[in-house]
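Notes follow once the structure below has been shown.
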Amino acid sequence: MELSKNFQHRESELQWYEHWNQAGYFHSVPDERPAYTIVMPPPNVTGVLHMGHALNNTVQDVLIRRAKMQGFNTCWVPGTDHASIATEAKVVAMLREKGIDKKDLSRDEFLKYAWEWKEKYGGIILQQLKKLGCALDWDRTHFTMDKDYYAAVIRVFLDLYNKGLIYRGVKMINWDPRAKTALSDEEVIFKQTNSKLYYVQYRLDTEREEYITIATVRPETILGDTAICVHPNDPRYAHLKGKFAFVPLINRRIPIIFDEYIDMEFGTGALKVTPAHDLNDYNLGLKHNLPVIDTLNDDGTMSEAATLYIGEDRFAVRKKIVVALKESGNLIKEEEYTNQVGHSERTDAVIEPRLSMQWWCKMEDLAKPALEAVMEDDIAFYPAKFKNLYRHWMGNIKDWCISRQLWWGHRIPAWYTPDNKMTVAATLEEAFAELSKSDASLTIDQIRQEDDCLDTWFSSWLWPMEVFGWNENPNNADLQYYYPTSTLVTAPEIIFFWVARMIMSGYEYMGKKPFDKVYFTGIVRDKQGRKMSKSLGNSPDLLALIDDFGADAVRFSVMISSPAGNDLLFDESQLEQGRNFSNKIWNAMKLVKGWEERVSDETSDEYAQFAIHWMEQRIAETGVELEAMFKDFRLSEALKTIYTLIWNDFCSWYLEWVKPGFEQPVSAKVFDKTISIFEQLLQLLHPYMPFVTEEIYHLLRGRKMGDDLMPLAMPAYNTDNATILKQGAMLQDVITSVRDARNKNQFKPKDQIILSVDTQHKDFYNATLDILQRQVNAEEIKFTSEQPASSIAVVVNTDKLYIEAFGKVIDFGVQKEQLAKDLEYLKGFLASVDKKLSNERFVSNAKPEIIEAERKKQSDAQAKIKVLEESLSSL
RNA sequence: GGAAGCAUAGCUCAGCUGGUUCAGAGCAUCUGCCUUACAAGCAGAGGGUCCGCGGUUCGAAUCCGUGUGCUUCCA
């Protein structure tokens, strides 16, 4: 078979993903093996794959694939969440394009469109995950508005309500006037904004014409002012106790109040108080019994209560009112001012603090066990630094606003009579039964259900239990087997939104934590360090990257640069590195495959014994290291380690050491061992780069479909020969040193040399002679005790190597320089070691093995110095 | 205003419990190679006051304090 020049990822990816799926490797059913379970953080159903997903899901896939090889029954559950605000916004936009206004639709009509939209576009992101190679159990795909899931959400709502943990109340909330819904604090993004600070004077209700000046960035809100507040210790305003002022333009008479809340330094030290439109003002209003005048409609236009500009947009009014204030002489001055302005995470509209009746969930009791679990490492966070953040939030937890003024989502199961009596019940019939108890004349068609939906996170917090069918039967076999799940992989930015709440619901409803470990990935940033986001448009097109470089290369690039919890700057050079790595392995395969037709039983393979033995030990050594790294989620370090093992140890050293000469036969043993070694390496790499490894695994021995790498059990690694590892390193050292000397003396690669070795370790050289000879292109290697005439001397450890070449003029100056430089370094090194060892406090305080190591360093350095001095003097 | 994180080669970053397996990787740079798997490659090389200062210690890139700079979270 003709093998292509490079790895052809496009065909390979399609073929293997389909094959793994068909073979059932992705699907899990409970059995006697231990389970290793991950529930995917459900992406937004409107989403398309971006770098954050690529990172997050590659991490999960690496964990799943490795666990599978280690004998776990792995289950990785895919799914999406309904993302009420984002989806509703998309559907509204889609309808608008069709010329349909949401206002003209009934709730049911709208939902019909929404479901159509979901069926059409909602699965895109899951399909894209297949391109990335994700080993997901597709039979378990869930959606947060599936019938049973919906029922679970309603059931939890009823339960919490009955426990007294859910209540209705008027509070200051974050209002998104574009989406016309409340937002939780976490959904508001504060952006630095260039604003203006307006100084406005209010006429005092005194006989003399006196004024008090306030500063505000939101002049349109003065129409809702119900007081002016100053600091009780502020001498400027002490005389105003008990006085009143008039709101400009509308001449509302409002009191001057005194409160220590005021920052005397800010503005004029006098604050206008608008309880309906500012949280702090609201609290002041409560304290001082101020009336609340709500001057805004839900769409951000002025309400009738404003009395002026009714129906006009708040920002247009801001401009107009400034003009009006100027004309009336109330505007004193304007100042440039930068402040933090809240924007909606989803619609980017400027948030209005607004008083509103909402549904709330009490968090204090739920938070307690969830906080303890993390603090006591019953649920372990990686990296642990996020425990602090978690503790801080959980310790100061506020009640959760769970209602959203949207249609797309789980409709709150609260029911009202025409005179606004309310009950909470699963169905209309139950609600009717309850409500009619106190009103016998009530008919069922008079009852109307709450319009609001629940926050999306109020459904996704049930994810780890509900994907296994908690609602239908909490004792079902799947839930018993897979819950608690093993590892949650997510971004730190949703630690409160989601992670904390899943822990709460897990304890509340399962009595158990939802997962053992939480691994927080970093945030993917672009080259300039900006977070990749849709709004910036700086996220590369992942599918294009996969197409260009291959899924393995994309996976490589995100994994190589993502130490746990640290942000990663995404750089295309890493994609190239990944692609090149695939090709390197592909070419190594071509080399080995090329030997197949030249396998012979008669060929000597003694020369290769050392190489094989050494490589096997290197793999074992690395296998042990990898185990430790995976335990700590040092995933990028693990990949680097595997990369080095394959590229350096295997390709650069091992293959060169065992490679037969041009068109020479290769022994059956070397061939077979090399393939076995290759297969072990492919297995170690497979979790990171599944496609290229599976492809080559099959090609190496011409395996049949079904005889696959993906489910192959991984051996337990342990090293039993430290000596050969040291000898391998020594051999590399000798080879590099001789090559360096060749280079420095301008030898061409083809120039042959004669190498003479003055050593105490003849056994080592005898075992590696053939390898050494080929690697340094030596015609002959012999032992000696004297430096041959006109030879280059090289010192490696305490061995002296002499290089002779015919027809080569040797530059002793270069050589002398090199030896002198080495000697100088070593003398300095020895001096530092001597100093340490002659320090009494070191000898008495340091651990014995450290002292022993220093002694060894001392004697090694002394020996080497001696050898170097001898070489120098013989020049 | 409160809190956290980061500062290591030209660039992007590793460096777990303090000790030469500790100063490392990739990219970039320099030298030599179209060597019979791979030029997306091979063989070598150069390059760093581990941000400044102070402390703990026999010993600090690593621990503590402090200053500076950047980032993020909360108010």
Practice task
Find out whether Arg218(A) and Glu352(A) are in side-chain contact, i.e. whether some heavy atom of one side chain is under 4.5 Å from a heavy atom of the other.
Solution key: yes
Handout entry: Spacing of the C1' atoms in rG48(B) and rU8(B) (rounded, Å)
Key = 8 Å
Problem - Under-4.0 Å salt bridge between Glu637(A) and Lys640(A) - result: no
Exercise for the section: Taking atom C1' in both rC53(B) and rA7(B), compute the distance separating them and give it to the nearest angstrom. Expected result: 15 Å
Handout entry: Salt-bridge criterion met for Lys827(A) and Asp834(A) (N-O under 4.0 Å)
Key = no
Handout entry: Pairwise P distance, rU36(B) and rA14(B) [rounded to whole Å]
Key = 40 Å
Fill in the blank from the handout: Out of rC38(B), rA40(B), rG41(B), minimum distance to the side chain of Glu656(A) belongs to rC38(B)
Practice task
Select one nucleotide: of rA14(B), rA37(B), rG19(B), the one nearest the side-chain heavy atoms of Phe842(A).
Solution key: rG19(B)
Exercise for the section: Tell me what Thr644(A) touches on the nucleic acid: a base, only sugar-phosphate, or nothing, going by heavy atoms under 4.0 Å. Expected result: nothing
Exercise for the section: May I ask you to say whether Lys387(A) pairs ionically with Asp377(A), meaning some side-chain N is under 4.0 Å from a carboxylate O? Expected result: yes
Practice task
Just name whichever nucleotide pairs with rU36(B), Watson-Crick or G-U, keeping both distances under 3.5 Å, else none.
Solution key: none
Exercise for the section: Check whether any side-chain nitrogen or oxygen of Lys748(A) sits under 4.0 Å from OP1 or OP2 of rC33(B), and answer yes or no. Expected result: yes
Exercise for the section: Check whether any side-chain N or O of Lys659(A) sits under 4.0 Å from OP1 or OP2 of rA37(B), and answer yes or no. Expected result: yes
Exercise for the section: Check every atom of rC73(B), rU20(B), rA37(B) against the side chain of Leu389(A) and return the nucleotide holding the closest atom. Expected result: rC73(B)
Handout entry: Per Ala588(A) side chain, nearest of listed nucleotides rC16(B), rA43(B), rA37(B)
Key = rA37(B)
Handout entry: Lys856(A) bridged to Asp860(A) by N-O distance under 4.0 Å
Key = yes
Problem - Phosphate-side-chain proximity, Thr736(A) and rA43(B), N/O vs OP1/OP2 below 4.0 Å - result: no
Exercise for the section: Could you check which of rG44(B), rA37(B), rA75(B) has an atom nearest any side-chain atom of Trp653(A)? Expected result: rG44(B)
Exercise for the section: Remember a base hit wins even if backbone is also touched, and classify Glu576(A) as base, sugar-phosphate or nothing at under 4.0 Å, heavy atoms. Expected result: nothing
Practice task
Take Trp586(A) and Gln577(A), find for each the nucleotide of RNA chain B with the closest heavy atom, and name the residue whose nucleotide sits nearer the 5' end.
Solution key: Gln577(A)
Practice task
By nearest nucleotide on RNA chain B, pick out whichever of Asn743(A) and Val592(A) is the more 5' one.
Solution key: Val592(A)
Exercise for the section: Pick base, sugar-phosphate or nothing for Asp740(A), based on heavy-atom distances below 4.0 Å to the nucleic acid. Expected result: sugar-phosphate
Practice task
In whole angstrom, give me the gap between the C1' atoms of rA23(B) and rG47(B).
Solution key: 13 Å
Exercise for the section: Examine rA40(B): is either OP1 or OP2 under 4.0 Å from a nitrogen or oxygen in the side chain of Arg579(A)? Give yes or no. Expected result: no
Exercise for the section: For Lys5(A), answer base if it contacts any base atom (sugar-phosphate contacts may also be present), sugar-phosphate if it contacts only those atoms, and nothing otherwise; contact means non-hydrogen atoms under 4.0 Å. Expected result: sugar-phosphate
Exercise for the section: Ignoring backbone atoms, establish whether Trp647(A) has a side-chain N or O less than 4.0 Å from OP1 or OP2 of rC42(B). Expected result: yes
